[in-house]
Asks: 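Got a structure here, written out as structure tokens. Questions coming.
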Amino acid sequence: MREVADGVWQLGTRVPNLINCYFAGGVLFDTGTRRLGPRLLGELRGRDVTEVALTHVHPDHQGAAHLICSELGIPLACPAREVDRMEGREPMPAPNSYLKVVGALFTGPAHPVGRPLREGDVVAGFKVYDTAGHSKGHVVFHREDDGVAIVGDVIDGLNIFTGIPGLNRPPDTVNEQPALVNDAIRKLAELRPRVVCFGHGPVLRDPERLRRFAAALR
Ligand SMILES: [Zn+2]
């Protein structure tokens, strides 16, 4: 694990920044794919983990949630509008063959949700904001004191197909509500986060760059 802001640790795939999770205030934010579970548990060994919170219920974010919550005996929080999906009553969205393959490879087991997240809730000192678009219930977590934001896939810090770093609007092949994606990015930019922790990509410490990117969206 690498400390990327005061008390905020980044962990995830062996290849750095490909799929990111964050640990702050006892909470693990996102869990990668189901294959990532053992690695995450190893990285968290010796830490006091009290809850898992998800930005959204996609295979590369919810994958290891069941394993980690079960192993550590801790509750799971996820966006209120995606509880049915997390608990297995609603299928993972797979509108195209790309997502069908991703889903089959990476989706983790269903797991009961202890806390449905809504805008205004607070998790480990981070305020929850509704940023639906990439997924129908997507949320971001923002810590006002120092401007750290855990943003899931509202915006990517790399091109998810090529791996090249840089700000990217998530491609519509992976967006559930493409028409809402730009609004979600603008909403995030309006928070003026000083440290942006992406689901995919290296941490960004350049608020002006995010502001310019959002302003250029149509
Ligand atoms: Zn996603």
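All values below were derived from every heavy atom in this structure, side-chain atoms included, with hydrogens, water molecules and symmetry-related copies excluded. In listed order, ligands and their atoms are each counted from 1.
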Asks: Could you walk me through whether F141 and F29 pass the ring-ring contact (aromatic ring centres under 6.0 Å, His included) test, one step at a time?
Replies: CA-CA 9 Å; F141 302 92; F29 292 91; 4.8 Å; yes
Asks: Considering only NZ, NE, NH1 and NH2 on the basic side and carboxylate oxygens on the acidic side, decide whether K187 and E190 come within less than 4.0 Å.
Replies: no
Asks: Verify, without hydrogens or angle tests, whether Y22 (side chain) and F198 (backbone) share a donor-acceptor contact under 3.5 angstrom.
Replies: yes
Asks: Taking only residues two or more places apart in sequence, or in another chain, which ones meet K136 in a salt bridge (charged side-chain N to carboxylate O under 4.0 Å, His left out)?
Replies: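 With sequence neighbours excluded, K136 shows a salt bridge (charged side-chain N to carboxylate O under 4.0 Å, His left out) to E90, given in chain and number order.
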Asks: Identify whether the distance between the nearest side-chain nitrogen and carboxylate oxygen of E119 and K127 falls below 4.0 Å.
Replies: no
Asks: Output, by chain and residue number, all protein N/O/S atoms separated from the Zn ion (ligand 1) by less than 2.8 Å.
Replies: H56 NE2, H58 ND1, H134 NE2, D153 OD2
Asks: So does P170 get a backbone contact from the side chain of N175, meaning a donor-acceptor N/O pair under 3.5 Å?
Replies: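 At least one qualifying donor-acceptor pair exists.
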